[in-house]
Amino acid sequence: MPPKKKARVSKRTASSGKDDDGETVSSAGGKRKAAASVGKNEKCSESPGSPQYSHWLMKSEPESRFENDIDVKFGIEDLKALPDQTGCWDGVRNYQARNFMRQMKEGQLAFFYHSNCKEPGIAGVMKIVKESYVDHTQFDKKDVHYDATSKPDNPKWSMVDVQYQRMMKRFLPLSELKKYHLQHRANGGPLKDMALFTRARLSVQPLTAEEFDFILSLEDEVAL
DNA sequence: GCCAACGTTGGC
DNA sequence: GCCAACGTTGGC
């Protein structure tokens with residue numbers, strides 16, 4: 001499937017929806033308000049109230065799974081194998097996740113997270129090499145993530161380009177991250193509010209520099 | 001394969 | 001604008 005530079009994202013959420021500035025939309029139940037209160041003032045990213053994120057975590061499925069006869073598998077090895085080790089993170093169909101992608105800046109780092117697989121966890125690091133632009137797969141009827149409600153003159157979905165940087169020195173399993181999260185939630189620590197645990201199904205999520213650095217430091221520790 | 005969590009849809 | 005029904009995510 002990806003002869004050119006094509007990355008398949010694993011997890012999106014139900015497509016469609018009406019508001020193309022999903023910001024408000026998603027926080028429906030009023031439960032989770034996502035720090036993505038960016039919406040209205042997307043132009044001025046320095047608007048107060050919209051925290052500047054600098055690091056990210058992006059989920060994708062490393063194991064084969066067929067959706068409409070199409071394999072959605074895309075693990076870190078698949079990214080690494082692309083020309084220039086670069087691919088577009090297409091297929092995101094969730095407003096919160098999309099909005100986070102729109103905040104990404106060239107040069108920022110993101111963890112490549114393996115989801116829906118034998119061993120979920122952080123596999124490696126990648127870099128944002130192209131800021132958000134129109135995700136062409138929303139118009140492609142053949143694509144798993146085709147969205148009939150999105151029109152070319154007013155596209156709903158965006159993507160970024162990412163480039164493989166490196167594998168983690170050791171794979172960091174979700175189970176281990178969760179232990180730290182629980183520990184930090186109880187006694188304080190950098191992972192106490194990590195989005196991976198506080199925003200269950202979000203496929204593109206922000207990390208603070210502290211979270212990112214702490215996770216990197218785990219590479220040199222023995223598994224918990 | 002199960003199912004909890006949660007985003008989206010649509011009736012009212 | 002509320003909220004129940006529904007569909008998806010993703011760990012286990």
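Proteins get letters first, then strands, A, B, ... in listed order; numbering begins at 1 in each.
To the nearest angstrom, P of C:dG11 lies 13 Å from CG of A:Leu202. The separation between A:Glu119 atom CD and C:dG11 atom C1' is 13 Å, rounded to whole Å. The nearest whole Å value for the distance from the CG atom in A:Leu177 to the C1' atom in C:dG11 is 14 Å. Rounded to whole angstrom, the span from the CD1 atom of A:Ile122 across to the P atom of C:dG11 amounts to 12 Å. Atom NZ of A:Lys179 and atom P of C:dG11 are 16 Å apart (whole Å). Nucleotide B:dC2 holds its P atom 16 Å from the CG atom of A:Asn116, rounded to whole Å. Rounded to an integer number of Å, the gap from CG of A:Leu196 to C1' of C:dC12 is 15 Å. Taking atom CG of residue A:Asn68 and atom P of nucleotide C:dT8, one finds them 10 Å apart after rounding to whole Å.
Using a 30° and 60° split on the angle between ring planes, A:Phe214 and A:Tyr180 fall in the perpendicular class, above 60°.
Listed candidates were B:dA5, C:dG11, B:dT8. Nearest to the side chain of A:Tyr113 is C:dG11. Distances from the side chain of A:Ala200 to the nucleotides C:dC12, B:dA5, B:dT8 place B:dA5 closest. The listed nucleotides are C:dT8, C:dG11, B:dT8; the one nearest the side chain of A:Arg201 is C:dT8. Nearest nucleotide to the A:Gln96 side chain, out of B:dG7, C:dG11, B:dA5: B:dG7.
Chaining together hydrophobic side chains whose heavy atoms lie under 4.5 Å apart places A:Val134 alongside A:Phe139.
Checked by atom type, the side-chain pair A:Ser54/A:Gln108 shows no donor-acceptor distance below 3.5 Å.
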Without placing hydrogens or testing angles, list every side-chain donor-acceptor pair under 3.5 Å for residues 187-197 of chain A, not counting sequence neighbours.
none

